[in-house]
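A, B, ... follow the sequence lines: proteins, then strands. Residue 1 opens every chain.
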2 protein chains.
Amino acid sequence: MKDKWEKYLPIDGNCPVRSVLDRLGDKWSMLVIIVLGEEGTMRFNQLHHVIGDISQKMLTVTLKSLEADGLVTRKVFPEIPPRVEYTLTDRGMSLLPHVEALTKWALVHIDGIRASREKYMAS
Amino acid sequence: MKDKWEKYLPIDGNCPVRSVLDRLGDKWSMLVIIVLGEEGTMRFNQLHHVIGDISQKMLTVTLKSLEADGLVTRKVFPEIPPRVEYTLTDRGMSLLPHVEALTKWALVHIDGIRASREKYMAS
DNA sequence: CTGTATCCCTAGGGATACTG
DNA sequence: CAGTATCCCTAGGGATACAG
């Protein structure tokens with residue numbers, strides 16, 4: 001018997017809602033995508049400096065997973081000292097407007113949200 | 001000296017990118033928003049059944065935080081047995097299209113992403 | 001410069017039992 | 001029905017040191 005709600009369930013791990021959240025819901029992925037989207041190609045240390053409070057480890061991990069998913073390309077220049085440039089792929093670019101829409105929404109609503117939160121705490 | 005990158009930094013906790021991720025980046029918030037958005041007002045146990053694999057604790061926690069942020073309203077009917085209905089607020093509704101855009105993006109790209117991921121693993 | 005390799009620690013979240 | 005209240009446990013992620 002089919003369940004009419006199955007589209008919300010993680011059957012076969014195919015729920016699109018969750019697949020996107022597992023990818024972008026971590027601490028840094030969206031931020032890296034936004035920075036690369038707005039600033040264009042960047043080097044590892046440039047990203048590190050721009051984001052500021054990300055650890056080297058997490059920047060590496062985040063870039064690797066974005067690269068694995070084909071959202072970011074990694075280009076190594078065999079120089080000394082080494083240079084590595086990261087760029088958003090077309091797939092990554094296609095995600096950008098949606099992420100930016102979300103951040104714009106946040107900008108518009110953050111004050112109201114904070115106000116709601118305080119009222120809720122007080123009650 | 002002003003830093004031209006400060007818009008990406010969490011100065012005063014005001015980075016809009018992060019404020020949205022901290023809110024929606026948890027395991028269940030977006031899913032609850034989508035379900036309430038598509039199905040309309042629902043009772044606690046209805047949500048619990050529809051989502052299926054969320055624990056009672058996490059559903060409570062998630063709904064509370066969404067309520068605190070003014071994304072969801074909680075209406076209690078003083079009956080026995082008790083009935084509680086959850087509905088998306090206007091603010092919650094305004095977020096819905098962006099969340100749905102993200103899930104549509106995921107639907108379109110998930111196959112390609114999975115393919116990229118396998119190629120990456122193999123290399 | 002661009003990363004690995006460890007160690008470590010907290011907080012998110014699951015399971016279970018209990019309550020009005 | 002609609003939640004609390006605990007306990008517990010893992011995985012995300014920070015700090016630090018080292019390497020090509």
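Scanning both residues, A/His48 and A/Ile54, for their nearest heavy atoms gives NE2-O, 3.0 Å.
Taking atom CE on A/Met42 and atom C1' on C/dG3, their separation rounds to 17 Å, with Å as the unit. The CE atom of A/Met58 sits 12 Å away from the P atom of D/dA15 (whole-angstrom rounding). Atom pair B/Asp53:CG and C/dA15:P shows a separation of 9 Å (rounding to whole Å applied). Rounded to an integer number of Å, the gap from CD of A/Gln56 to C1' of C/dT4 is 9 Å. Counting to the nearest Å, the C1' atom of C/dG13 and the CG atom of B/Leu59 are 13 Å from each other. Here D/dG12 presents its P atom at 15 Å from CG of B/Asp26, a figure rounded to the nearest Å. Between B/Ile51 atom CD1 and C/dG13 atom C1' the separation is 15 Å, expressed in whole Å. Regarding A/Lys64, its NZ atom lies at a distance of 17 Å from the P atom of D/dG13, rounded to whole Å.
Applying the 4.0 Å criterion to OP1 and OP2 of D/dG3, one finds that B/Arg74 has a side-chain N or O inside that range. Within the 4.0 Å cut-off from OP1 or OP2 of C/dC1, not a single side-chain nitrogen or oxygen of A/Arg43 is found.
For the pair A/Ser123 (side chain) and A/Tyr120 (backbone), a donor-acceptor distance under 3.5 Å is present. For the pair B/His49 (side chain) and B/Asn45 (backbone), a donor-acceptor distance under 3.5 Å is absent. Checked by atom type and distance alone, the side chain of A/Thr89 pairs as donor or acceptor with a backbone atom of A/Leu71 at under 3.5 Å.
Residue A/Tyr86 forms a side chain to side chain donor-acceptor pair (under 3.5 Å) with just one option from A/Arg43, A/Gln46, A/Arg74, and that option is A/Arg74.
Each of C/dT2, C/dG13, D/dG13 was ranked by its minimum atom distance to the side chain of A/Arg83; first place goes to C/dT2. Each of D/dG13, C/dG14, C/dT2 was ranked by its minimum atom distance to the side chain of A/Lys57; first place goes to D/dG13. For B/Thr60, whose side chain is taken as the heavy atoms from C-beta onward, the closest listed nucleotide among D/dT4, D/dA15, C/dG14 is D/dT4. Closest to the side chain of A/Phe44, from the set C/dC1, D/dG14, C/dG3, is C/dG3. For B/Tyr86, the side-chain atoms get nearest to D/dG3 when compared with the rest of D/dC1, D/dG3, D/dC7. The side chain of A/Pro82 sits closest to D/dG20 out of D/dG3, C/dG3, D/dG20.
Under 3.5 Å, the side chain of A/Lys27 and the base of D/dG13 form no donor-acceptor pair of N or O atoms.
To the nearest 0.5 Å, atoms CE (A/Met58) and NZ (A/Lys27) are separated by 8.5 Å. Here the straight-line distance linking atom CZ of A/Phe44 with atom CD of A/Glu85 works out to 14.0 Å at 0.5 Å rounding.
Note that the two end axes of the helix from C/dC1-D/dG20 to C/dG20-D/dC1 enclose an angle of 50°, each drawn from 5 base pairs, rounded to 10 degrees.
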* Before giving the answer on side-chain hydrogen bond (donor to acceptor under 3.5 Å, both in side chains), spell out for B/Ser65 and B/Arg23 the whole-Å C-alpha distance, their side-chain angles and the decisive distance to 0.1 Å. => CA-CA 9 Å; B/Ser65 86; B/Arg23 181 53 35 207; 3.3 Å; yes
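Looking at which nucleotide of DNA chain D each of A/Ser55 and B/Glu85 is closest to, the 5′-most match is held by B/Glu85.
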